[in-house]
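Each ligand, and each atom within it, is numbered from 1 in the order the structure gives.
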Amino acid sequence: MFRLLLDKFQWQGTDHIYSLPWMRNRLEYSADPNRVKEYLKGGEFTRSQLTRDMLSRFHLSHNSIVVSDDEHAQFLKRIFHECLPTQERYPEIARKLVDEVFTTGHNRALRLSSSLIPAVYLSLLSNLLGANVLKSLREYIREIDFQPGTRPMHLDGLMYAFGMQLPGFGPMRKIIDLIFFKGDHYTRKIALKLEKMVFEFATPIEGSWYAHLIELKQSGKITRAQFRGELTSILVSSYALSAAMSSMLLCLAARPEYVDKIRHDETMAKHFVNEVLRLFPPFRQFGYEEKGVWEKSGRSKEEVTDFMVSIFGLHRNENVWENPDDFRPQRFATSSSTKGCKFMPFGLGKRSCTGRVYSIRVLVEVLKYVCSEECNLHLTLPEDYEKDYVGLPLGTNGRLVSFPVDDRVYARRESIEKGMAI
Ligand code: HEM
């Protein structure tokens, strides 16, 4: 019951401002695009402490762009964008990724998350970080049992609301973590080990993001901890991209009629990806923070407002989306479909996702390749697959990065032309 209430709160957004006596900050939680627009226009805001706290405590990037201040984030983002692969490279990136996951001559059932996360991680290391990954590291990554994040977001929110992020609660947090979130420790351990291994078993490609990071560290412009933070944040990013890719492939398996449509109309692939990101956004919520002076009991007081956006609620808000629960990629065919803060799987504004362009391009190219004759891949859902009322993969699992609850798929891939496999 309690869980259901929390889910409702988190998924739908409530559009109230909470200012309870025991809460550190005022908290506004919204799934209304007009309110989001108004808020973003309103002036100075930055990534909220709540979001930073969740990211750095739960996940891995203690010192990366994600948790740094605006100025540092802008400085690194500028360099990062210059290192993105050129547009022509994406078909090849996608092809390699698909070939890594779906080997030819196999009929097999697989869990998408466990196959995709290592493949996407390897792909991000080579193509986004820009590293030559040595064989031993490649083999090590292929064998890791990567698990999607384990800590429920709403519990983190509650702990924060009760001030449990404060240092005095450290021991209590540790006890809660040890009892309920053993998986987090496992994820963290993998991250630390991988970060060391990348450093030892991957060499920077000239002009790449990795080469720049090493240079910045050596010249003292970023600290060693920040350098390491960027490496581990690639891991979190690969969770997010894999989650989107899992949902995309499941939606395709559930709707095979789109294979032909995508084969014959390139724009359909883009609409399909948008529709997947609308219905299954890997990050269900994120927040900004605004400092200001508010009246409280007749006195003005400087306070912080956390403004949390429920992306899930926003993307299924029936006031702005027609039949929001239906899977209809065609809705993105009109130019106004993504305008007005109603579609924001990658966030908006100065702290929006750095990997947006890369992720969309890879998703679109993967989808195009998977649907192509040349790839010769047939995806079907297992017969006992649980579907919700519109015949789609069931929901998301409420973690920081949300994967489909059931991500089993049956893949059949006939042999492909010689020379195509990696
Ligand atoms: C489908 C995949 C992905 C989704 C849905 C996604 C979504 C998001 C969202 C919602 C945010 C927060 C935005 C905000 O607060 O306004 C974010 C931030 C960020 N993402 Fe992604 N992301 C994805 C993939 C990636 C990839 C592949 C990278 C690789 C570099 C990446 C790097 C980042 C970084 C560095 C930030 C922090 C930006 C800042 O603090 O200014 N993301 N992402």
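Close approach of ligand 1 to S352 is summarised as follows: ligand atoms under 4.0 Å from at least one heavy atom of the residue are 13 (C), 16 (O), 38 (C). The contact set between ligand 1 and P345, taken as ligand atoms under 4.0 Å from a residue heavy atom, comprises 5 (C), 7 (C), 10 (C). Atom numbering of ligand 1 starts at 1 in the shown order; those under 4.0 Å from a heavy atom of F80 are 30 (C). The atoms of ligand 1 that sit less than 4.0 Å from any heavy atom of A244 are 1 (C). The contact set between ligand 1 and P282, taken as ligand atoms under 4.0 Å from a residue heavy atom, comprises 5 (C).
For the atom pair CZ (R361) and CD1 (I93), the distance works out to 10.0 Å, reported to the nearest 0.5 Å.
Here the heavy atom of the protein found nearest to atom 28 (C) of ligand 1 is S237 OG, 3.3 Å. Counting protein heavy atoms only, atom 34 (C) of ligand 1 is closest to T354 OG1, 3.5 Å. Looking only at heavy atoms of the protein, atom 32 (C) of ligand 1 is closest to G355 N, 3.7 Å. Taking atom 16 (O) of ligand 1 as the reference point, the nearest protein heavy-atom neighbour is Y288 OH, 2.5 Å. When hydrogens are left out, the protein atom nearest atom 27 (C) of ligand 1 is S359 OG, 3.5 Å; that is the closest non-hydrogen contact. Ranking the protein heavy atoms by distance from atom 6 (C) of ligand 1 puts F346 CD2, 3.6 Å first. In this structure, the protein non-hydrogen atom closest to atom 40 (O) of ligand 1 is R47 NH1, 2.4 Å. Of the protein's non-hydrogen atoms, the one nearest atom 17 (C) of ligand 1 is C353 CB, 3.5 Å.
In terms of polar-atom proximity, Y358 is not counted as a contact of ligand 1, lacking any N or O under 3.5 Å from an N or O of the ligand. Looking at ligand 1, you'll find an N or O of R351 within less than 3.5 Å of one of its N or O atoms.
D99 and Y369 share a donor-acceptor pair across their side chains, judged by distance under 3.5 Å alone.
For atom 30 (C) of ligand 1, the nearest non-hydrogen atom from the set I65, L128, L76 belongs to L128.
Listed here is the closest heavy atom pair of C375 and V98: SG-CG1, 4.1 Å.
Heavy-atom separations between S233 and ligand 1 are all 4.0 Å or longer. Using a 4.0 Å cutoff on heavy atoms, K77 counts as a contact of ligand 1. Using a 4.0 Å cutoff on heavy atoms, G349 does not count as a contact of ligand 1.
Proximity of M344 to ligand 1, defined as any heavy-atom pair under 4.0 Å, is not found for any part of the residue. When heavy-atom distances to ligand 1 are checked against a 4.0 Å cut-off, F286 comes that close only through its side chain, counted from C-beta outward. Counting heavy atoms closer than 4.0 Å to ligand 1, residue L348 contributes backbone atoms (N, CA, C, O) but none from C-beta onward.
A distance-only check finds no donor-acceptor pair linking the side chain of R95 to the backbone of V366 [under 3.5 Å]. A side-chain donor-acceptor contact under 3.5 Å links K77 to the backbone of K350. Looking only at distances, a side-chain donor or acceptor of H264 sits under 3.5 Å from a matching main-chain atom of D260.
Side-chain contact check for I117 versus S238: some heavy-atom pair is nearer than 4.5 Å. The side-chain heavy atoms of P118 and I144, taken from C-beta on, include no pair separated by under 4.5 Å. At a threshold of 4.5 Å between non-hydrogen side-chain atoms, the residues Y358 and P85 count as touching.
Partner of K368 under the salt bridge (Lys or Arg N to Asp or Glu O under 4.0 Å) criterion, out of E373, E266, E374: E266 alone. When each of P345, C251, P281 is checked for a side-chain contact (heavy atoms from CB on, under 4.5 Å) with V276, only C251 meets the rule.
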Between F199 and F201, does a ring-ring contact (aromatic ring centres under 6.0 Å, His included) hold up when you go through it step by step? CA-CA 6 Å; F199 200 50; F201 297 104; over 10 Å; no
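Counted within 6.0 Å of CZ on R356, heavy atoms from surrounding residues, nucleotides or ligands total 12 or fewer; the atom is thus considered open.
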